[in-house]
2 protein chains.
Amino acid sequence: MIFCGAIRFMLQESHSSPTFSPLYRQIKSLILQGLESGEWRPGEAIPSETELAVRFGVSQGTVRKAIDEMAAENLLIRRQGKGTYVASHNDADQRAKFRFLRLIPESGTLDSPQSQPLEFWRAKAGQEASRILGIKLGAPITIIRRLLKFAAKPVVIDEIYLPGEVFVGLSLEMLQEHRGSFYGLLESQFGVRMIRAEEHLRAVAADRANAALLAVAEGTPLLSVERVSYTYGDRPVEWRRGLYLTAEHYYLNELG
Amino acid sequence: MIFCGAIRFMLQESHSSPTFSPLYRQIKSLILQGLESGEWRPGEAIPSETELAVRFGVSQGTVRKAIDEMAAENLLIRRQGKGTYVASHNDADQRAKFRFLRLIPESGTLDSPQSQPLEFWRAKAGQEASRILGIKLGAPITIIRRLLKFAAKPVVIDEIYLPGEVFVGLSLEMLQEHRGSFYGLLESQFGVRMIRAEEHLRAVAADRANAALLAVAEGTPLLSVERVSYTYGDRPVEWRRGLYLTAEHYYLNELG
DNA sequence: AAGTGGTCTAGACCACGAG
DNA sequence: TCGTGGTCTAGACCACTTC
């Protein structure tokens, strides 16, 4: 607490600076640093608004505005009366667990998918993987193929590309033993939290192998979902391609 | 201005009310009423924050919070130094014009699609249309079929269902003559502004007729996009089904 | 210079959760 | 009862746009 009030002077003072950003954004990036550095881990509470205000030497309202933005970006979760928490893919909330999965059963009940790993191997990044993941050509990558089942029926085939240097020690056993979502595992085991993702959707025809896995005829139209996921600092750390069988499910998207 | 300060007493005073909502939300719904009633039309400026604060008998900060939320919902657009404007599908901004179209060309240049009306007829609402559009069975509906071309190539077939009682007088000529987006036309000609939409995506096979229109082989996988669009008060006013050819385009979705 | 939205502050009080 | 986030206020000053 020696620094109380002192940090204020380290913040940008001048409005005429060419790289000017408002105080609450500077506070925001300070809190972000705390998240990236692991000072506050997913699921934990960060200090109260008043405490952060004292620490950073600004008013409580300024801290509040910084936290408001981060809550809107799903980085933090506010709980009235309790505190502000670091968002996690391991929350009790089921919606948080499969936040990035937009596949909905045609008729009614939304049950959690069950993951069945098919293959797991290591390789070297080719042109496309190195470009998309922002790693060197030939850098180690880990590839996972898996099947997702809804109500015991196979519906999704995923092929997941991960930069090997980020997820060292990931193994097939970890995937098989893990309960919960894939991103929850990456978060708790490797400290890498997925913040946002970008998906490219296309309609494609099932080839022989994938058709067999999904128990449909070769050539059946499938929804191809290519996803790149990003962690703090917009750093890409996952590239995957999903093939969705949309006979009894649909992909839901809300347009604002 | 006779009512200055008086309206304040019409707002909810008690926090113990079972239907309690904070003051800024009440202000928000008052502004919303102004939008719905057409007091402020799309593209126009609403009164300044200070003026609204006086009119509603609350502080400027409370009005500000109400407007903040509405700007986040794309209902209003703030312009520093100028004022706050009602959002419109006819904005100069190209992004606003095709806000709901997520189809991106595979390679580079994003040019505006060109719409070519194919068919236009009136019918009576069946089971599905009446359920989705929230109108009576047998109520009049208007159906439009059209082709969307990117760079002179046919890429999208749309079939659009509109409640006839909302869009009386809509004609094929209006569609042919109109420059700009379809929603821009509905907004300027019928005063109905689309706020949000919900899309259900599936992969399907092209039938003979649609394959011919898109100049592809019968059975080619297409992206089926069913959309329900809502205006103020979450009232559904459009149901459409699009068939997207995703050979040289993809559907982009951002996951937060 | 005037008017608009944008930022920042300080303080009051309310609602919620936990002990 | 206490500490947390949530709401509301009043006032100061800054930045941008227009005149």
Side-chain angles (χ1 to χ4, degrees), chain A residues 4-5 7-9 11-31 40 44-72 75-87 92, chain B residues 4-5 7-9 11-31 40 44-72 75-87 92:
Chain A
C4 288
I7 282 195
R8 185 65 168 85
F9 298 112
L11 296 175
Q12 191 183 64
E13 294 281 339
S14 166
H15 279 227
S16 53
S17 163
T19 58
F20 168 73
S21 78
L23 199 45
Y24 74 89
R25 280 203 192 276
Q26 301 177 49
I27 300 303
K28 186 178 167 184
S29 89
L30 285 175
I31 298 175
W40 308 304
E44 292 178 3
I46 68 172
S48 73
E49 293 179 356
T50 53
E51 188 178 335
L52 289 173
V54 171
R55 178 187 303 194
F56 297 139
V58 299
S59 83
Q60 186 254 8
T62 300
V63 171
R64 183 166 191 78
K65 183 148 185 177
I67 292 178
D68 275 346
E69 281 203 1
M70 299 178 73
L75 295 174
L76 298 175
I77 297 174
R78 319 190 75 134
R79 291 189 185 127
Q80 181 170 146
K82 298 186 70 175
T84 300
Y85 294 76
V86 183
Chain B
C4 286
I7 283 196
R8 186 65 168 85
F9 298 111
L11 297 174
Q12 190 182 64
E13 294 282 338
S14 166
H15 279 226
S16 53
S17 163
T19 58
F20 168 74
S21 77
L23 199 44
Y24 74 89
R25 280 201 191 278
Q26 301 177 50
I27 300 303
K28 185 178 167 185
S29 90
L30 285 175
I31 298 173
W40 308 303
E44 293 178 2
I46 67 171
S48 73
E49 294 180 355
T50 53
E51 187 178 336
L52 288 174
V54 171
R55 179 187 303 196
F56 297 139
V58 300
S59 82
Q60 186 253 9
T62 300
V63 171
R64 184 166 191 77
K65 184 147 186 178
I67 292 179
D68 275 345
E69 281 202 1
M70 298 179 73
L75 296 175
L76 298 175
I77 297 175
R78 319 190 76 136
R79 291 188 185 129
Q80 182 170 146
K82 298 186 70 175
T84 301
Y85 293 76
V86 182

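All values reported here derive from a predicted model rather than from experimental measurement. These numbers come from the heavy atoms of this one structure, side chains and all, not from hydrogens, waters or symmetry mates.
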Please report the closest heavy-atom contact between A/R25 and A/S21, naming both atoms and the distance. CB-OG, 4.2 Å

Please report the shortest heavy-atom distance between B/R55 and B/P47, naming the atom on each side. NH2-CG, 3.8 Å

Within the structure provided, determine whether B/F56 and B/I31 are in side-chain contact (heavy-atom separation under 4.5 Å). yes

If you only use heavy atoms from C-beta on, which nucleotide in D/dT4, C/dT4, D/dC8 is closest to the side chain of B/L23? D/dC8

Looking at A/T50, I'd like to know whether one of its side-chain N or O atoms comes within less than 4.0 Å of OP1 or OP2 on D/dG3. no

Gap between atoms CD1 and P, on B/I31 and C/dG5 respectively (whole Å): 11 Å

What integer distance in Å separates A/R25:CZ from C/dC8:C1'? 15 Å

In whole angstroms, how far is the P atom of D/dG6 from the CD1 atom of A/I77? 12 Å

Whole angstrom value for the distance that separates P of C/dG5 from CE of B/M70: 14 Å

Rounded to the nearest angstrom, tell me the gap between atom CZ in B/R79 and atom C1' in D/dT18. 15 Å

Sort me out a list of protein N/O and nucleotides 1-3 of chain C N/O pairs below 3.5 Å, or just none if empty.
from	atom 1	to	atom 2	distance (Å)
C/dG3	N2	B/G81	O	3.0

Exercise: identify the closest heavy-atom pair between A/V86 and A/L76: CA-CD2, 4.0 Å

Looking only at side-chain N and O atoms, does A/S59 come under 4.0 Å of OP1 or OP2 in C/dA10? no

Taking only the side-chain heavy atoms of A/R64 (C-beta and beyond), determine which of C/dT4, D/dG6, C/dT7 contains the nearest atom. D/dG6

Think A/T84 has a side-chain N or O under 4.0 angstrom from the OP1 or OP2 of D/dG5? yes

Note, A/D68 side chain near A/R64 side chain (heavy atom, < 4.5 Å): yes

Below the 4.0 Å mark, does C/dT7 have OP1 or OP2 next to a side-chain nitrogen or oxygen of A/T62? no

If you measure from CD on B/Q60 to OG on B/S48, what distance do you get to the nearest 0.5 Å? 8.5 Å

C/dG6 C1' sits how many Å from A/E69 CD, rounded? 12 Å

Between B/Y24 and B/A66, what is the shortest heavy-atom contact and its length? O-CB, 3.3 Å

Which sits closer to the 5' end of DNA chain C, B/G83 or B/Q60, going by the nucleotide each is nearest to? B/G83

Which of D/dT9, C/dC8, C/dT4 is nearest the side chain of A/P22? It is C/dC8

Distance in angstrom units between A/Y24 OH and D/dC14 C1', rounded: 14 Å

In whole Å, I'd like the distance from the CG atom of B/D68 to the P atom of D/dC8. 13 Å

By nearest nucleotide on DNA chain C, pick out whichever of B/I67 and A/G61 is the more 5' one. B/I67

